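Accompanying notes for the structure given below.
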Amino acid sequence: MRRWRARSVRGLVLWALLGLGLLPGAASAWNNHALCTWQALEPLQELATLRVRAELLESFLAAQAPQLARVLAEQEAWARAHNNDYAPRPDALAFAVPQAGAAEVDLRQRFLKALRLNVSSRLPLFLQLRPGDAPGARPVLPWQEVTTLASGVGARENTYVAVAPGQELAVSDVLATASHEPDYGLDLGLFEDNGTAHGRSYGFGAQPFGNAALEYSSQVPFHMGFYHEARIVFAAGGFLRRTHPEARIALFMALSRLALASGHVYWGWRFAGWALHYVQDLAQPYHARVLPGVNAARMLGMHAVAMAGWERPKHDAITMVSNRHTVVEDYQQQHMTQAYLQRRMDDVMLAALRDTGRDRDHWRYELANTRALVSRESFEAADALDRQLEKSFPRQFTADPSVTLGNGPPPDMPAIAQQHSAEEHARLEQMVAALLGRVGLHTRAVVRELLGVRP
C-alpha cells in the first residue's frame, strides 16, 4: 500500500510540475522585481546618497582574477559540504587565473561557465527606469540588448537606458535594476537536455521538471524552492529537491562581498541585486509550494481516480493552480505599475514594501534563513492566498479548468477584481501587501548584511 501511494503522488507531482513549466506565468515570481526593490530600499538611509561608478565586467574580472578564483573555489567547497541537494560543478569549469604568456582567453566566457550561467547572457551596463520616468537625454537601450529571451517576456514592457563606464549611478538604482536581471536569461539552457553546449557540460543533469523544449521554462528549477512539502511527496518525487535558488543566493552574495571589499563597488551591488532576485522569488507562495490549495491527501485521491481512468480532476487542479499563479503575478505588477505611474506612493503595496516595523525580527540576512524563514513563510501563506484569489476574481480566471491563462497581453486584473467584489478585492489587496511587506524586510536584510550595518 505504501509503495502504491508513493507511485500515486509521484505521478501527480510530475504532472503538476509539467503544468507549471508549460504555463507562461510560471517561470516568474513577483513580476518586475525592480518595482519591489526600489520601495524596499527607500527606508535605508545608508543608501540615500550612496553612489558608484559603472564598470565593465571585463575590467572587474581582469583586476580580480586571482581573488575570484579563490572565492569561487571556496564557495564550491562550501556548497558541496553544506548542501545535500547541490549539483557539484565539474572541476573543468573552475575559474583559473590566466598564465603569463598563455593564449588570450575570454574572461567573460570563463566567468559565466564557472558560475554555470547562460553563456549568451547580455550583461550590458544599463539601468531600468521607474514606470513613468522619461529617459531624457540618456540613450534608450532596446530590450533585446538586455534579455536573451526572444519573446521579451519580463523585459519588453520596461524602459532601459544605456550606461557608460565611469558614469555615476545611485546604488539603489543599480540594486533595483539587477534584482530583475536573472529573469533576462541568466538561468536558461543550463540542463543537459536543453539543447545547449554549456548545458551539456554544467553537471546539472536533465531538467527535473517543466517543459525542456520551451524557451523560458528551463530557468524554473533555479527560481523555485520546494523545501516544506509532506514527506510522502518528497519520497515519491525526489526530483522536487533538484532546485537551486539557495546555491544562487550563496554564490552571488560571495561575489558581492569580494567586489565590495576590493573596491569594485558597482559589481558588488550588481551581484547583490542578483542575489536579491532569488530571495524575493522564494517569498512568493507559488514558488514555495507545488500545488497551493491541494494537500497530500487530496493529491493521493485525485491520482487514485486518475489511475482508475478518470484523469479530469488531476488536470483540472493543475490548470486552476497555474492560472491563479498567473493571476496573482499579473495583479501585483499591474497594481504597482499603476501606483508608480499615478505617483501614488502611499499605495498600500508600495507602503508595505517600505514598512520597517518588523525589521528588527530579521535585521541582517543569514543564508540559513533562505529555507527556514523566507520560503517557510511563503509556503505557509500559499493556501490562504489560493483561496482568496478564488474569491476575488470571476470564475474564469481561477476556477475554470477549460481556460488557460498566460497567452497574450493580460487583462486589467485590479479592475476586474474591484468589479467582481469590492470587499474581496480589499482582502486580496491587503493579503498581497502583507506578502510584499515580507519581501521588503528580506530585501533590506540582504543589503544590511552587505553594508555591515548593525542595529
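What you see is a predicted model; the values in this text were computed from it and never measured.
Rounding to the nearest 0.5 Å gives a distance of 4.5 Å between CG of L373 and NE2 of H442. Interatomic distance, OG1 of T370 versus CD1 of I249, reported as 4.0 Å (0.5 Å rounding). Considering CE of M224 and CG of L240, their distance stands at 11.0 Å, rounded to 0.5 Å. Here L188 contributes atom CG and L117 contributes atom CG; the two are 10.5 Å apart, rounded to the nearest 0.5 Å.
Contact detail for A254 and Q75: the closest heavy-atom pair is CB-OE1, 3.7 Å. Shown here for A87 and F204, the closest heavy-atom pair between the two residues is CB-CD2, 3.8 Å. For A272 against L175, the heavy-atom pair with the smallest separation is CB-CD2, 3.7 Å. Here the closest non-hydrogen pair linking L353 and R444 is O-NH1, 2.7 Å. Of all heavy-atom pairs between L282 and G225, the closest is CD2-N, 3.5 Å. The two residues R89 and L72 make their nearest non-hydrogen contact at NH1-O, 4.0 Å.
Remark: R289 engages D383 in a salt bridge, criterion side-chain N to carboxylate O under 4.0 Å. Of the charged side-chain nitrogens involved, none lies within less than 4.0 Å of a carboxylate oxygen, so that D330 and R324 do not count as a salt-bridged pair. A salt bridge does not link R200 to D193: none of the charged nitrogens lies less than 4.0 Å from a carboxylate oxygen. Classification of R257 and E449 as a salt-bridged pair holds, one side-chain N sitting under 4.0 Å from a carboxylate O. Taking the charged nitrogens against the carboxylate oxygens, D85 and R80 have no contact shorter than 4.0 Å, which rules out a salt bridge. Salt bridge annotation for R122-E145: absent, with no cationic side-chain nitrogen under 4.0 angstrom from a carboxylate oxygen.
W78 and N83 share no donor-acceptor pair across their side chains, judged by distance under 3.5 Å alone. Side-chain N/O atoms of Q280 and T37 include a donor and acceptor closer than 3.5 Å. The closest side-chain donor-acceptor pair between Q284 and S378, if any, does not fall under 3.5 angstrom. Side-chain atoms of E168 and Y266 form no donor-acceptor pair, as typed in the model, at a separation below 3.5 Å. Looking only at atom types and distance, the side chain of W274 has a donor-acceptor partner in the side chain of E181 under 3.5 Å away.
A donor-acceptor contact shorter than 3.5 Å links the side chain of S218 to the backbone of G189.
Tested against F222 for a ring-ring contact (aromatic ring centres under 6.0 Å, His included), the candidates H287, H277, H244 yield a single pass: H244. For the pairing with N32, the side-chain hydrogen bond (donor to acceptor under 3.5 Å, both in side chains) check across E329, Q128, Q332, Q334 returns one residue only, Q128.
Under the 6.0 Å distance and 45° angle rule, R130 does not count as a cation-pi partner of Y340. Figure legend: R371 and Y227 shown as a cation-pi pair, the cationic atom lying under 6.0 angstrom from the six-membered ring centre and within 45 degrees of its axis.
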Q.
Between R343 and D133, is the salt bridge (Lys or Arg N to Asp or Glu O under 4.0 Å) condition met? List the steps.
A. CA-CA 11 Å; R343 298 298 189 261; D133 283 4; 2.9 Å; yes
Q: Begin from the C-alpha positions of N84 and Y86 and carry the test side-chain hydrogen bond (donor to acceptor under 3.5 Å, both in side chains) through to its verdict.
A: CA-CA 6 Å; N84 293 333; Y86 181 69; over 6 Å; no
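Two residues are said to be in side-chain contact when any heavy atoms from C-beta on lie closer than 4.5 Å; T326 and Y331 fail this criterion.
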